[in-house]
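Inspection log for the structure reproduced underneath, given as structure tokens.
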Amino acid sequence: MHHPGPPRFVSVGDRVELAPRDPDPAATYAWRVERAPPGAEATVDDRPVQWFRPDVPGRYVLALSAPDGVHRQTVRCFDAGSSGDGERDRDAGASGGVLDVAGDDGGTSGYGHDAAGASGGGEHGDGHGRPRIRLDGRVTDDAVVIEADARPHPGDDAPPSSLDVTFAFDDRDDLRAADTSVAGHRLRVPRERLPERARIHAVAVSPERYSVPDAVEIVRDGAGGVAVRRPYDPPAWATDAVYYEVYLRTFAPEAEHGGTFRALADRLDHLDSLGVDVLWLTPVLAADHAPHGYNITDFFSLAADLGDRADYRRLVEAAHERGMRVLFDLVLNHSARAHPYFRDAYRNPASDYRDWYEWQPSGEPGTYFDWEHIANFDFETLDVRRHLLDAVDAWAPLVDGFRCDMAWAVPDGFWREVHDRVKARDADFLLLDETIPYIPEFQAGLFDVHFDSTTYAALRSVGTGWAPAEALLDAVAERADVGFPDHARFLLYAENHDETRYLVECGRPAALAAAGALCTLPGAPLVYAGQELGQLGRRDALVWAAADDALADHYRRLLALRRAMPALAADAALERIDYAVREGEPERVVAYGRVNRDGDGDGAGAGDGSSGPSGDDPGDASAAVVVCNFAEGSATVDLGVSAGTRDAATGESVAADGGVRVDSVAVLPAPPAAFDDGA
């Protein structure tokens, strides 16, 4: 089906990518403006993939004539002054935003928001940041009821009841506004009005701003049953997983040419002992001379120096046997200049591949950051989209997810298509974006888990002493400040193959504390190959014989505790607490609470915190206080809440005169009531 996808939402002057899905490069596609607001002059041309720029607020309908019929793409446009950030422009980083308005044809009304630039429409200094929304559904005997949990921006004192909620329906489905009823934050669909499939979108609306959209999907089964799903949620296995990045060509230095996959399989027991759940492998495809592998020369062949397809399959199977998932590093923005298609196109206007690439006026290819060995694809060319979608289809069945390289540099509409394509085959397939800085709209039907580059930057600043340790809490709060909904999920990291080793830049005391932060802040921790071993070189061959066993054990304890303790779950609340550093460096210490009010643990009672009130292991606690000390030497910290004094990670008492004494990190079970307002 060539339907271009769900409705799009923009501001006046923003661009909207129009493109058929699952394209046939040999077919004919034609766009026309079927409907536009009064006074609009925005037009389309005869290209199958193009950018449409609405010029007045209102509702536009673009009709796509395709080999399988006519499909309609609704574009909702609002005054640029009333919104946040709109459809991203790869060339110029355009910003803006949109509202969705009622049409006179009975269409839905409301606000919408499409993928944005780095600012994400967050706090503007006037206290009017973006609200947030979550949709959930329940099935009754005679209807499906969709409930919207709308919440104001964290800096807004207005109650949730002050927000409007606007529901919208997917253009691809047969559900219409006349089939439903809306009362406040609730939408009802009678069962007899339900089509086979209905996707419902919604935003929360304040007087100044509106949220990133959320969505639910209502589906019928063959037996007459009805189910409600949340298509923007990540797979359950991904939210609380421990991720590990393997830089392939240095992880197993003993590997001979063609033996890397086999050598890596032999090293999986180490990762298993560390508690790793997900392996992110740097690119495995044929590439140029650069050992990182991101300059692809063939999107359908494995790199010969790593091994063959059978070796790759055995590696994935070996990981699965240990309960680990495997992520394929998906590179879609560019090819290597050594790619045969680029070589044919370079300085050859007659090449069949000339329009596969972006070109500068100088005749050189488009690229980023003056990178010399890559060339950006031109996504307005159907052959490019077809080629890359075929690559997605080729590799997705072999792995459990994609880590999406340079996600910010690929058109949003293409990522939406990739999302829908892989999820249709396997709803538990993971899409992890590399987007620096993160983009809130990437939560809405593009990616499942997001690189938390903001917390990464805070960890570096804290580790070097440029920022106080409490900056970590501000970094986590930034997620909601810029517009991410509460259900968004993040990948926490202190280093990766692009960064100097944290140990080198910040020193060992800070590295020990950073490990504690990675394992106790909301999100899923990432360990980069060798991080747990004390490796100093960023991409050097791992020196397994010189591993820092004490550091590795530190990671093992913390990762095991994070897995076991409900208080440290990804969705457990982060609570700020009052505390005082009696001895040590106050700016280098941070303490905070984690509370899982849905957890099964009892928390800690009075006394030394060696068990909960019922005598359970402290690792079962549903609430805890975490103290991280980034300075050399110990710090004595007086906590402002009731908590135990036995570190759940080590089992050792940290009790001291005036509070608790912490060398690097301590996790202290606490009663959940300690974090209640007024406790």
Side-chain angles (χ1 to χ4, degrees), residues 6 84 111-113 115-116 120-122 129-138 146-154 156 160 163 165-168 185-187 199-206 209-218 227-241 401 416 419 423 427-433 435 438-452 454-455 475-492 521-525 566-575 594-599:
Y111 290 64
H113 208 89
R130 298 181 70 180
R132 296 150 297 150
I133 194 170
R134 175 188 170 93
L135 296 184
D136 287 289
R138 54 186 174 87
I146 307 302
E147 302 273 2
D149 179 11
R151 302 185 182 186
H153 181 270
D156 190 342
L163 298 173
V165 170
T166 301
F167 297 92
H185 295 185
R186 177 180 299 165
L187 178 143
R199 285 158 283 197
I200 298 174
H201 309 258
V203 290
V205 185
S206 72
R209 309 286 291 168
Y210 52 90
S211 69
V212 171
D214 197 25
V216 292
E217 179 181 27
I218 306 171
V228 181
R229 302 170 182 163
R230 287 184 41 78
Y232 296 170
D233 280 353
W237 60 262
T239 57
D240 276 305
R416 286 188 182 89
H419 177 279
K423 298 289 187 175
D428 282 336
F429 197 87
L430 176 69
L431 291 171
L432 167 67
D433 67 11
T435 304
Y438 46 40
I439 297 173
E441 283 71 19
F442 276 10
Q443 171 65 28
L446 285 82
F447 300 99
D448 299 310
V449 179
H450 316 283
F451 269 51
D452 190 346
T454 299
T455 304
V476 173
E478 182 73 7
R479 302 170 183 173
D481 286 344
V482 301
F484 277 104
D486 293 344
H487 54 268
R489 296 290 176 256
F490 297 88
L491 185 72
L492 296 164
L521 287 171
L568 302 182
D571 59 353
L574 176 67
E575 301 282 353
R594 297 294 311 280
V595 186
N596 188 341
R597 292 186 168 84
D598 295 325

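Model, not experiment: these values are computed from the prediction.
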* **Nearest heavy atoms of Ala238 and Ala524, plus distance in Å** => O-CB, 4.4 Å
* Structure fact -> Nearest heavy-atom approach of Ala204 to Pro131 is O-CG, 3.4 Å
* Presence of salt bridge, Asp452 and Arg479, under 4.0 angstrom -> yes
* Could Asp136 and Arg134 be called an ion pair, given the rule that one side-chain N must be under 4.0 Å from one carboxylate O? -> yes
* To do: Give me the ring orientation class for His450 and Phe484: parallel if the planes are under 30° apart, tilted from 30 to 60°, perpendicular past 60°.
  => tilted
* Asked: Roughly how far, to the nearest 0.5 Å, is CG of Asp433 from CZ of Phe490?
  -> 9.0 Å
* To do: Taking all heavy atoms of Leu163 and all of Pro152, pick out the closest pair and write down the distance.
  => CD1-N, 3.5 Å
* Between CG of Asp240 and CG of Asp571, what distance do you get to the nearest 0.5 Å? -> 6.5 Å
* To do: With rounding to the nearest 0.5 Å, note down the distance linking CG in Leu491 to CG in Asp448.
  => 12.5 Å
* Heavy-atom neighbours of Arg151 CZ exceed 12 at 6.0 Å -> no
* With distance as the sole test, does Trp237 use its side chain to make a donor-acceptor pair with the main-chain N or O of Leu430 at under 3.5 Å? -> no
* Give the C-alpha distance, both sets of side-chain angles, the deciding distance and a yes or no for side chain to side chain contact (heavy atoms under 4.5 Å, CB included) between Glu147 and Leu187. => CA-CA 7 Å; Glu147 302 273 2; Leu187 178 143; over 6 Å; no
* Might you work through the side chain to side chain contact (heavy atoms under 4.5 Å, CB included) test for Tyr438 and Val482, ending with a clear yes or no? => CA-CA 9 Å; Tyr438 46 40; Val482 301; 4.0 Å; yes
* Asked: After noting the C-alpha distance and the side-chain angles of Phe447 and Leu432, does the key distance pass the side chain to side chain contact (heavy atoms under 4.5 Å, CB included) rule?
  -> CA-CA 6 Å; Phe447 300 99; Leu432 167 67; over 6 Å; no
* Using salt bridge (charged side-chain N to carboxylate O under 4.0 Å, His left out) as the criterion, list what pairs up with Glu478, not counting sequence neighbours. => none
* Structure fact -> Residues Ala572 and Arg594: closest non-hydrogen pair is O-NH2, 3.0 Å
* Would you check if Asp214 and His487 make a side-chain contact, meaning some heavy-atom pair closer than 4.5 Å? => yes
* **Residues in ring-ring contact (aromatic ring centres under 6.0 Å, His included) contact with Tyr232, at least two apart in sequence or another chain** => none
* To do: Search all heavy atoms of Val165 against all heavy atoms of Ala202 and return the closest pair with its distance.
  => CG1-CB, 4.3 Å
* Working to the nearest 0.5 Å, report the span between CD of Glu441 and OG1 of Thr435. => 11.5 Å
* To do: Could you tell me which non-hydrogen atom of Leu521 sits nearest to which non-hydrogen atom of Thr455, and how far apart they are?
  => CD1-CG2, 4.3 Å
* Atom CG of Asp233 and atom CD of Gln443: how far apart are they, to the nearest 0.5 Å? -> 7.5 Å
* May I have the step-by-step check of salt bridge (Lys or Arg N to Asp or Glu O under 4.0 Å) for Asp481 and Arg130, ending in yes or no? => CA-CA 7 Å; Asp481 286 344; Arg130 298 181 70 180; over 6 Å; no
* Got Val476 and Pro522 here, is their nearest side-chain heavy-atom distance under 4.5 Å? -> yes
* **Point-to-point distance, once rounded to the nearest 0.5 Å, from CG of Leu446 to CG of Leu431** => 9.0 Å
* Asked: Is a salt bridge present between Glu217 and Lys423, judged by a nitrogen-to-oxygen distance below 4.0 Å?
  -> no
